[in-house]
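The next block holds one structure in the form of structure tokens; read it before the comments.
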Amino acid sequence: NPDLTAERLTATFDTHAMAAQIYGGEMRARRRREITAKLAEIPELHDSMPLPYMTREEKIMESARKLTVLTQRMSEIIDPTDAGELYHLNNEVLGIEGNPMALHGVMFIPALNAQASDEQQAKWLIRALRREIIGTYAQTEMGHGTNLQNLETTATYDIGTQEFVLHTPKITALKWWPGNLGKSSNYAVVVAHMYIKGKNFGPHTFMVPLRDEKTHKPLPGITIGDIGPKMAYNIVDNGFLGFNNYRIPRTNLLMRHTKVEADGTYIKPPHAKINYSAMVHVRSYMLTGQAIMLSYALNIATRYSAVRRQGQIDKNEPEVKVLEYQTQQHRLFPFIARAYAFQFAGAETVKLYERVLKEMKSGNVSLMADLHALTSGLKSVVTHQTGEGIEQARMACGGHGYSMASYISEIYGVAIGGCTYEGENMVMLLQLARYLVKSAALVKSGKASQLGPLVAYLGARSEPTSLIDRV
Amino acid sequence: PNGGITEYIKTFQHIAKRQTLKAANKFFGLMENGEKREIAWNKSSVELNRASRLHTRLFIVEAFARRVNEIGDITIKEALSDLLHLHVNYELLDVATYALEDGFMSSTQLDYVRDQLYFYLQKIRPNAVSLLDSWEFSDRELRSVLGRRDGHVYENLFKWAKESPLNKTDVLPSVDTYLKPMMEK
């Protein structure tokens, strides 16, 4: 299309060099291109028809088909131990609508990584990485969402048999929403309030077998299924899960930080927020994921705005590209800037998370609270603004944006799921507010020197007026 | 290329700080006046959330600026500096009330911010498509007829429509079963 070619000729920079900035280095950007080129040659990994024309069951079947091909051929396309390459491969092949193992990679394996002891990792993590078992992370409940303190699922320790008895006493206690819980997973890391000798030790994580490994049928004492269609993300079988006095061995409590001895002795974790690590992990990576979805929509809208001609700015001139209108630029360009800002802020946060994880493994959890507060705020602001940006992109495409041919409504639906999963945005903002109020109290009491680096500005002296346009 | 960004960051810091201290004071004040902690928290929560948003937006601006400062390649740095300038002006306009209400910024300065925003919209215009091409999404990944890299939108929209399952037959069963009998009555 000559209009798009003309746009590409006016650029002042090399897009490969810019890609290196976006993806954290020239090597990473080049690998993405190589993976894309390799995939172009493997038709079994392409959509067999446009996804919007498929039913939910057809999409799940299509996705499972591609997953099996990927499992066989993955190592010839990517380095499977490289999370960045795996993420790109998934986006290209499986897309954003999810897949039967979506949570296996982003929640189950990281939870085992962070919370299982070395012996437990040897037992389960290896099998998970080999895809011999499929797992998910089940915390959220129907009646309480992700509010940890009010979860109703209990895990009561039976000293006589050295087992934990998992139970969901009411409908509201059902695990509700966890991705891939409904039909695909046969294991889950389950969060439940742990009781020993009548005392509640609070929420803890347990490795729980859900389905028979041979038949994939639910195990006795387990009620499990899909929660039905959602606004988007419908390839994921978000599920419900109930326990009827379901017994698991004591050693299925994830014991990297917490331990329960055979006699019921409880050894507490070094830090109360240690069990948040799986959520902090997802929130850290969510930012770059949101940046990518925002960029999807902006790519579509901006390219289309360079192709679409409508109306005249000067009556004596021919119809112009709609991208020439200042209103269209004002609609799209600030969100292009935000997409880059989210990507860069996300990359910084992921680095911080990796540092915290490393320090946690050696017992230092001091940065966890800071990171938890920061990622809570970032997750809320970024998902909200990403939703706004995708909606602007859709409207920038006029009527065609409303067609599934644009795919923008699916991108929107998937992206704004992030406003509620991993903690509802308002709750997350208040989480950060708690940290800010504590910091404000330090300032008020003259202890500004104790402020963390992220809030040091709260105690700093500022100029009486802004110097914007005065310097 | 980042001249002036520091003053923007200081302005974001000022408004985030002011809102945090204001919201915290409201919360502490309610408690000093006898409200229970939980009630005081609930009554301050909208203001507290505003503080959280401003703090987060400040972090995003700072992270963006930090990254741009690290870049060595001149052409990339300039293109991203333009985006950064657009970002700080757009963000500041969005939260300008906080900077205006205590006189930290004047309406004249706000007009300058607006002018800067329009300046950078125009400056970015020639790079717009390439700034997005740089994300290097294949058509397979984008799954969008409208966003095709080759820009051949209209012919492919028509092709896409023809693939609709409704177009497999000329007459739908719903017409034969319900609409036709209704029209024949």
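The sequence lines fix the lettering, A, B, ..., with proteins before strands; numbering per chain opens at 1.
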Heavy-atom distance under 4.5 Å between the side chains of [X] and [Y], does that happen here?
X	Y	answer
B:Trp41	A:Val437	yes
A:His88	B:Glu141	yes
A:Phe344	B:Glu70	no
A:Ile300	B:Leu142	yes
A:Ser403	B:Val145	no
B:Leu131	A:Thr302	no
B:His87	A:Phe335	no
A:Arg338	B:Tyr90	yes

Check each atom of [X] against the heavy atoms of chain A and say whether the ones under 4.5 Å are side chain, backbone, both or neither.
X	value
B:Leu157	side chain
B:Arg66	side chain
B:Thr11	side chain
B:Glu91	side chain
B:Asp115	neither
B:Leu58	side chain
B:Ala16	both
B:Arg67	side chain
B:Ser44	neither

Contacting moiety of [X], where chain B heavy atoms sit under 4.5 Å:
X	result
A:Leu9	neither
A:Glu463	both
A:Leu287	neither
A:Lys321	side chain
A:Pro52	side chain

task: Describe, in one word, how the ring planes of A:Tyr340 and B:Trp135 are oriented to each other, choosing from parallel (under 30°), tilted (30 to 60°) and perpendicular (over 60°).
output: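 If you compare the ring of A:Tyr340 with that of B:Trp135, the planes turn out perpendicular.
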Separation of B:Phe59 CZ from A:Leu374 CG (nearest 0.5 Å): 4.5 Å
- prompt: Between atom CG of A:Leu458 and atom NZ of B:Lys17, what is the distance when rounded to the nearest 0.5 Å?
  reply: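 The CG atom of A:Leu458 sits 7.5 Å away from the NZ atom of B:Lys17.
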Intermediate values then yes/no, side-chain hydrogen bond (donor to acceptor under 3.5 Å, both in side chains), B:Ser138 and A:Glu92: CA-CA 8 Å; B:Ser138 67; A:Glu92 284 254 1; 3.1 Å; yes
So which heavy atom on [X] is nearest to which on [Y], and how close?
X	Y	result
A:Leu432	B:Ser52	CD2-O, 3.6 Å
A:Ser406	B:Leu146	CB-CD2, 3.6 Å
A:Thr10	B:Pro126	OG1-O, 2.7 Å

query: Would A:Leu436 and B:Leu48 satisfy side-chain contact (heavy atoms from CB on, under 4.5 Å), going step by step from the backbone distance to the final call?
result: CA-CA 9 Å; A:Leu436 291 177; B:Leu48 287 165; over 6 Å; no
query: Going through the checks in order, is the salt bridge (charged side-chain N to carboxylate O under 4.0 Å, His left out) test met by A:Glu7 and B:Arg125?
result: CA-CA 9 Å; A:Glu7 294 292 333; B:Arg125 168 68 189 87; 2.8 Å; yes
- request: Please find out if less than 6.0 Å separates the ring center of A:Tyr457 from that of B:His14.
  value: no
- request: Walk me through it: do B:Asp133 and A:Arg303 pass the test salt bridge (charged side-chain N to carboxylate O under 4.0 Å, His left out)?
  value: CA-CA 9 Å; B:Asp133 278 347; A:Arg303 283 177 184 169; 2.8 Å; yes
task: Among the options A:Val382, A:Asp14, A:Leu298, pick out the one with the most heavy-atom pairs lying under 4.5 Å from chain B.
output: A:Leu298
- request: List the steps and the verdict of salt bridge (charged side-chain N to carboxylate O under 4.0 Å, His left out) for A:Arg470 and B:Glu7.
  value: CA-CA 9 Å; A:Arg470 308 283 154 86; B:Glu7 300 313 324; over 6 Å; no
